[in-house]
Amino acid sequence: MKIFIDSADLDEIKQAYAWGVADGVTTNPSLLKMAVEKRVAKGKKLDLKTYIMQILETAGGTPVSLEVTKTTASTMITQGKKLFKLFNPVAGNVYIKIPVNPAFKAKDKSHFDGIAAIRELARCGIPTNCTLIFTPEQALLAAKAGAGFVSPFAGRIDDDLRGSANLKFDKTAYFPEDGMEIDGEVLHDNGIVSGIDLVAQCVELLQGYGLDTEVLAASLRNTRQVREAALVGADIATLPIGVIADMLTHHKTSEGMEKFTADIVPEYEALT
Ligand code: G3P
């Protein structure tokens with residue numbers, strides 16, 4: 001499974017690439033807002049165009065998703081093409097991130113505008129990452145439209161399931177892959193029992209039909225979720241830097257290190 005860093009913070013992105021574990025970057029408007037505000041709070045000037053170019057260079061040819069902010073097919077297509085033209089020449093690694101359904105309300109007429117935008121961008125050879133996927137059927141339509149990646153938001157499904165049962169919870173706390181039973185009933189959202197179940201169903205559906213769209217598990221908040229995303233066959237997991245760092249920690253590893261270090265004999269040290 002490839003690992004992307006889910007961040008628009010250049011320092012974090014540089015760190016993940018320096019560790020040698022990053023295969024790509026995903027950004028979104030909320031992550032970009034956080035990164036911009038962090039820099040401004042530190043009194044640093046920000047030229048956003050140069051800043052994004054630095055992210056693209058840091059990623060060194062691996063995919064970087066840049067999200068559109070418009071919400072109709074024609075405006076998303078125009079913005080997507082402009083973003084691609086402006087930034088893809090830097091390192092040839094831009095994916096345009098398009099919401100699967102940009103409508104805010106049921107009565108809005110724009111439900112298929114994301115799919116239409118993906119189709120048109122694909123026709124122009126512009127790769128896309130279809131975001132805000134909460135059902136396997138959304139993933140299927142995005143894949144049929146020609147999305148390069150589909151991004152199921154695992155953690156937000158878990159939030160929604162816990163919220164539907166009025167549970168108080170910490171967003172980073174593990175939610176069981178097989179679902180949570182409350183009063184004898186397994187919580188579900190139209191048959192989806194957990195965020196990882198959503199990822200698994202997207203993988204099964206796209207692989208089952210031989211679609212070459214990759215499943216990019218997003219909104220992962222803890223290491224066990226990452227492991228489960230890998231085990232159900234996600235092609236990619238996009239992770240905040242803290243989750244990447246947590247993947248290497250175990251108290252027995254630390255304890256073992258302390259003991260081995262305490263046991264070093266000087267004769268062995270002297271050999272090197
Ligand atoms: O890549 C999507 C991700 O940034 C959303 O994560 O934790 O805000 O649900 P989260």
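Every number for a ligand or one of its atoms is a count from 1 in the order of the listing. Everything quoted here is computed from the prediction, not taken from an experiment. Because only heavy atoms are used, hydrogens play no part in the values below, and waters and symmetry mates are left out as well, while side chains stay in.
- Atom OG in S74 sits 11.0 Å away from atom CD in E120 (nearest 0.5 Å).
- Of the protein's non-hydrogen atoms, F153 CZ, 3.4 Å is the one closest to atom 2 (C) of ligand 1.
- Cluster membership check: L48 shares its hydrophobic cluster with L10, using side-chain heavy-atom separations under 4.5 Å among Ile, Leu, Val, Met, Phe, Trp and Tyr.
- Residue contacts with ligand 1 for N28 involve side-chain atoms from C-beta outward but no N, CA, C or O (heavy atoms, distance under 4.0 Å).
- Atoms of ligand 1 lying under 4.0 Å from any heavy atom of A218, numbered from 1 in the order shown and given with element: 1 (O), 2 (C).
- Counting only heavy atoms of the protein, atom 5 (C) of ligand 1 lies nearest to R156 NH2, 3.5 Å.
- The shortest N or O to N or O distance between K97 and ligand 1 is not below 3.5 Å.
- Residue contacts with ligand 1, taken as heavy atom pairs separated by less than 4.0 Å, involve R221 solely via side-chain atoms from C-beta onward.
- Hydrophobic clustering keeps V68 apart from L31 (ILVMFWY residues linked when any side-chain heavy atoms are closer than 4.5 Å, directly or through intermediates).
- Below 3.5 Å of separation, one finds no N or O of T26 facing any N or O of ligand 1.
- Across all non-hydrogen atoms, the minimal contact from P127 to G125 is CD-O, 3.5 Å.
- Protein heavy atom at the shortest distance from atom 4 (O) of ligand 1 is D6 OD2, 2.6 Å.
- Ring centroids of F84 and Y95 are separated by 6.0 Å or more, keeping the two rings apart.
- A salt bridge is absent between D235 and K2: the closest approach of a Lys/Arg side-chain nitrogen to an acidic carboxylate oxygen does not fall below 4.0 angstrom.
- Linking ILVMFWY side-chain heavy atoms closer than 4.5 Å, directly or via other members, places F175 and F134 in a single hydrophobic cluster.
- Checking only distances, T238 never comes within under 3.5 Å of ligand 1, N or O to N or O.
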